[in-house]
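Structure first, then comments.
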Amino acid sequence: MTIVSPSFYALTAVFLLLYYVLPGRLQWAVLLAASVSFFCFAGVPYTIVYLALSALVTWYAANKIGEAKEKEAEGKGEAKRWLLLALFVNLGLLAALKYANFLLTNAGAVYGAVSGTAVQWRVNWPAALGISYYTLQLTAYLADCYWGICKPQKHFGRLALFSSFFPQMVSGPISKYDELGKALETEHRFDAENLREGLLRIVVGVFKKIALADNLAFLIPHFLHADVAGTAPFPLLAMLCFVVQVYADFSGCMDIISGVALLFGIRMTKNFDAPFTSRSIQEFWQRWHITLGRFLKEYVMYPLLRTKTWAKMGKGLKKSFGKSAAKKIPTYVAMLILWFFMGLWHGGGWNYILEGVWFWLVIVSGDLLTPLFKKINAGFDTEAAWFVLFQRVRTLLIYAVGAVLFYFPSVTDGLAALKEIFSPFFFAAPEKISAQITGFTELSGTVITVGQLAGMGFAFVLFLINAHLERKHGGLAARIAHWPVSMQVLLSAVLLYILIFIGAYGPGYNAAEFVYGGF
Amino acid sequence: MTREEILAKATEIFRDVFDDDSIELTEETTAADIEDWDSLMHITLINEIEEAFGYKFGMKEVLGMKNVGEMCDILEKNT
């Protein structure tokens with residue numbers, strides 16, 4: 001069961017009915033039952049034990065932290081011990097289930113290099129559905145209890161629901177207890193407005209996923225086909241397709257998740273805010289997967305910068321290299337750790353880590369070169385439309401480089417692809433470019449049909465329209481929400497009609513896994 | 001320390017951290033009003049304020065402060 005399969009909506013409908021028919025005080029239990037059912041249908045059922053263990057340990061430790069904090073100064077050490085114990089169990093489970101093979105492969109490679117005997121160490125431990133999301137959410141909850149930002153939830157069932165709320169198990173967002181936990185504690189009455197807005201978001205989300213993302217995903221291997229290797233436009237088209245695919249896939253998924261949650265009267269934390277209108281990559285990461293960036297900033301980078309080690313680093317640098325170095329270098333080091341984890345969170349692979357380090361490199365370079373940029377930019381109006389457009393295209397290309405590294409599991413393949421994408425246009429001789437264009441024309445009639453290329457163009461245009469709407473109105477669904485209901489129904493019907501004709505599904509086809517569902 | 005003294009001392013620290021003598025703090029000043037005050041510089045700024053005022057903020061305060069006025073409230077209560 002995926003969140004675009006009919007069975008998911010049947011399950012949602014059944015629990016939605018129970019949610020509003022049964023007394024309000026039982027709503028949390030209905031949602032917990034829905035979450036357990038979804039987990040068992042969509043994931044490997046027995047792995048719910050891992051989720052239950054994390055929820056139980058978190059619930060118990062958070063209450064112990066709460067009790068210890070009431071003792072004020074003398075309870076400080078005790079609170080810290082409970083925090084560390086719970087983090088050890090939760091993060092240990094995540095490390096074992098998600099990263100064991102990454103660690104074993106690398107350890108095997110080192111062992112092979114030293115001993116001269118090639119070994120392949122692997123384990124086959126299925127991870128619990130949504131483990132990367134709920135582990136981080138529970139980590140934030142524990143830290144918030146420890147820091148006094150929120151009060152521990154005394155009711156285990158309610159904490160279990162906060163850990164497993166079913167719409168967000170596939171791709172997040174990573175919510176704070178004060179946001180989602182509080183909303184789940186509140187009783188919700190049926191609201192036709194929520195139903196309308198929720199359904200609209202679901203239609204837009206399913207359209208983004210099945211009509212756009214999955215069709216683009218189908219084209220990419222063709223553009224990377226051995227027959228066209230080294231032919232200039234194809235690797236570039238593959239890269240652009242992947243950028244639009246990941247965006248349509250992930251933001252579509254978020255539309256569906258927030259839509260389903262809204263049917264139950266719950267507003268999820270915003271995870272996207274017009275990322276492709278960003279003027280710098282730093283701004284991009286404040287608008288793309290917002291809740292992951294927020295988690296890493298508030299629960300990894302800030303606590304690191306507040307440790308004695310970082311304070312000492314700053315003081316040492318001030319003595320040896322001056323004030324400016326003391327301000328910048330400790331932050332850059334903490335950021336490198338943040339970006340390492342940002343990469344690693346996506347999966348156990350060096351390509352993901354390299355992707356994270358790439359963004360770190362761009363942000364740090366940008367920060368170091370700020371005085372130079374200020375001098376250059378002093379000569380013209382930096383708010384001029386052409387300059388804003390230039391900054392947006394530049395940001396998209398920087399992101400696209402990261403996306404290419406993300407796409408290829410092998411770092412060597414990713415770097416080779418980048419070389420292919422970016423070198424022909426700058427270094428190829430005119431006759432070579434002409435030959436490449438001829439190759440493109442020939443190929444578009446064979447491997448890839450003209451219809452498919454037109455579909456790709458359609459997806460790109462929708463992508464640009466959506467980026468514009470997101471900036472102005474908060475997205476396609478939010479924009480349509482202001483229209484008269486009859487127009488909303490009409491547009492939904494048009495989207496569904498297009499979906500039926502160009503949606504990537506049918507006999508022998510299963511909707512592709514969500515890109516962010518694999519994390 | 002009076003509120004005015006806190007604001008004046010904080011202004012000096014802000015000017016030093018952001019290398020910008022034109023900074024004039026008010027109670028309503030937020031990160032959006034100062035060009036270089038982003039998430040990279042936030043903790044550096046907090047650390048400098050702590051050192052100057054001899055008070056260590058809790059993480060709840062670090063993450064919860066919405067503007068300079070709220071920072072002054074905390075410093076006024078604790079220094």
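As the structure is a computational prediction, the values presented were derived from the model and not from experiment. Just so we're on the same page: letters track the sequence lines, and every chain starts at 1.
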Check the pair B:Met41, A:Thr331 against side-chain contact (heavy atoms from CB on, under 4.5 Å), reporting the backbone distance first and the verdict last. CA-CA 8 Å; B:Met41 287 304 286; A:Thr331 309; 5.6 Å; no

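- Of all residues in residues 28-37 of chain B, those placing a non-hydrogen atom less than 4.5 angstrom from a non-hydrogen atom of chain A are B:Glu35, B:Asp36.
- A 6.0 Å sphere centred on OH of B:Tyr55 holds more than 12 heavy atoms belonging to other residues, nucleotides or ligands.
- Contacts between B:Ser39 and chain A at a heavy-atom distance below 4.5 Å involve backbone atoms as well as side-chain atoms.
- The pair B:Asp16-A:Lys323 counts as a salt bridge, with a side-chain nitrogen and a carboxylate oxygen less than 4.0 angstrom apart.
- Residue A:Lys297 touches chain B through its side chain alone, counting heavy-atom pairs closer than 4.5 Å.
- Applying the 6.0 Å contact sphere to CZ of A:Phe387 captures more than 12 heavy atoms from other residues, nucleotides or ligands.
- Other residues, nucleotides and ligands place no more than 12 heavy atoms under 6.0 Å from the NZ atom of A:Lys312.
- For the side chain to side chain donor-acceptor pair (under 3.5 Å) test, residues two or more places apart in sequence or in another chain that qualify with A:Thr291 are A:Asn271.
- More than 12 heavy atoms of other shown residues, nucleotides or ligands fall within 6.0 angstrom of atom NZ in A:Lys69.
- Residue A:Lys315 qualifies as open at atom NZ: its count of foreign heavy atoms under 6.0 Å is 12 or below.
- In this structure, chain A has a heavy atom under 4.5 Å from the side chain of B:Leu63, while its backbone stays farther away.
- Side-chain N or O atoms of A:Arg306 include none that pairs as donor or acceptor with a backbone N or O of B:Met59 at under 3.5 Å.
- Separating the CE atom in A:Met335 from the CG atom in B:Leu40 is a distance of 5.0 Å, to the nearest 0.5 Å.
- A donor-acceptor pair is defined here as one N or O able to donate and one able to accept, closer than 3.5 Å; such a pair exists between the side chain of B:Lys60 and the backbone of A:Gly148.
- If you measure heavy-atom distances from B:Glu50 to chain A, the contacts under 4.5 Å come from the side chain alone.
- The environment of OH in A:Tyr332 is crowded: more than 12 heavy-atom neighbours from other residues, nucleotides or ligands sit within 6.0 Å.
- Atom CD1 of residue B:Ile46 and atom CG of residue A:Leu305 lie 11.5 Å apart, to the nearest 0.5 angstrom.
- Proximity of A:Lys327 to B:Asn47: side-chain heavy atoms (C-beta onward) are nowhere separated by under 4.5 Å.
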